[in-house]
Amino acid sequence: MDRPPTAFEQRVYAAISQIPAGCVTTYRELARYLDCGSAQAIGQALKRNPYAPEVPCHRVVKADMGLGGYHGETEEGPTLQRKRQRLLDEGIEFTSAGKIAASHHYTFPISKHDDTQA
DNA sequence: AGATTGACTAACC
DNA sequence: AGGTTAGCCAATC
């Protein structure tokens, strides 16, 4: 099934590509960066994942810092384990709760009211 | 064009 | 702490 990539999807992929290695972001932050307001729309675009290995979608986790899903699978399986292993390979550490360490939580350069950067 | 889903989230019980 | 409900936005049927 070849779907024409929508502008929204391209935004998602572009945003994920901006995530540095060893860092992860949440669907929520990602959605906010895209001014979407809904993280589910992000997952909807990623679940199709037309650019599977090209887009580091494994760096996108849930707001609960859980793994989330990968390649269309949400339950614990070989696919989710692969995602976790990939994050470990990036240097990301997991807590005993099976979640990502907050230190690896990367936030997008959102210029809302915080102009301490620019 | 309308209804349903979905790699989510927050709130509620 | 865990299960359910509602809300959200875009894609798909």
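Only this structure's heavy atoms are used, side chains among them; waters, hydrogens and symmetry mates stay out. We name chains A, B, ... by the order of the sequence lines, and we start the count at 1 in each one.
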Step by step, would you call A/Tyr106 with A/Val24 a side-chain contact (heavy atoms from CB on, under 4.5 Å)?
-> CA-CA 5 Å; A/Tyr106 163 79; A/Val24 297; over 6 Å; no

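Between the P atom of B/dA7 and the CG atom of A/Leu34 lies a distance of 18 Å, rounded to the nearest Å. When the C1' atom of B/dA7 is taken as reference, atom CD1 of A/Ile16 falls 10 Å away, rounded to whole Å. Going from atom CZ of A/Arg48 over to atom P of B/dC8 covers 15 Å, rounded to whole Å. Spacing between atom CE of A/Met65 and atom P of B/dT9 amounts to 11 Å, rounded to whole angstrom units. A/Lys47 places its NZ atom 10 Å from the P atom of B/dC8, with the value rounded to the nearest Å.
A/Tyr70 contributes no side-chain N or O that, together with a main-chain N or O of A/Cys57, makes up a donor-acceptor pair within less than 3.5 Å. With hydrogens and angles disregarded, a donor-acceptor distance shorter than 3.5 Å links the side chain of A/Gln18 to the backbone of A/Ala14.
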Atom pairs, protein N/O to nucleotides 6-9 of chain C N/O, distance under 3.5 Å:
from: C/dC8; atom 1: O2; to: A/Ser38; atom 2: OG; distance (Å): 3.1
from: C/dC9; atom 1: O4'; to: A/Ser38; atom 2: OG; distance (Å): 3.3

Using nucleotides 10-13 of chain B, report all nitrogen or oxygen pairs with the protein that are shorter than 3.5 Å.
from: B/dA10; atom 1: OP1; to: A/Arg28; atom 2: NE; distance (Å): 2.8

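Applying the 6.0 Å contact sphere to NE2 of A/His71 captures no more than 12 heavy atoms from other residues, nucleotides or ligands.
Rounded to the nearest 0.5 Å, atoms OG1 (A/Thr26) and CE (A/Met65) are 7.5 Å apart.
Within 4.0 Å of A/Lys62, counting heavy atoms only, lie sugar-phosphate atoms of the nucleic acid but no base atom.
In this structure, A/Glu76 and A/Arg84 have side chains that are in contact, with non-hydrogen atoms separated by less than 4.5 Å.
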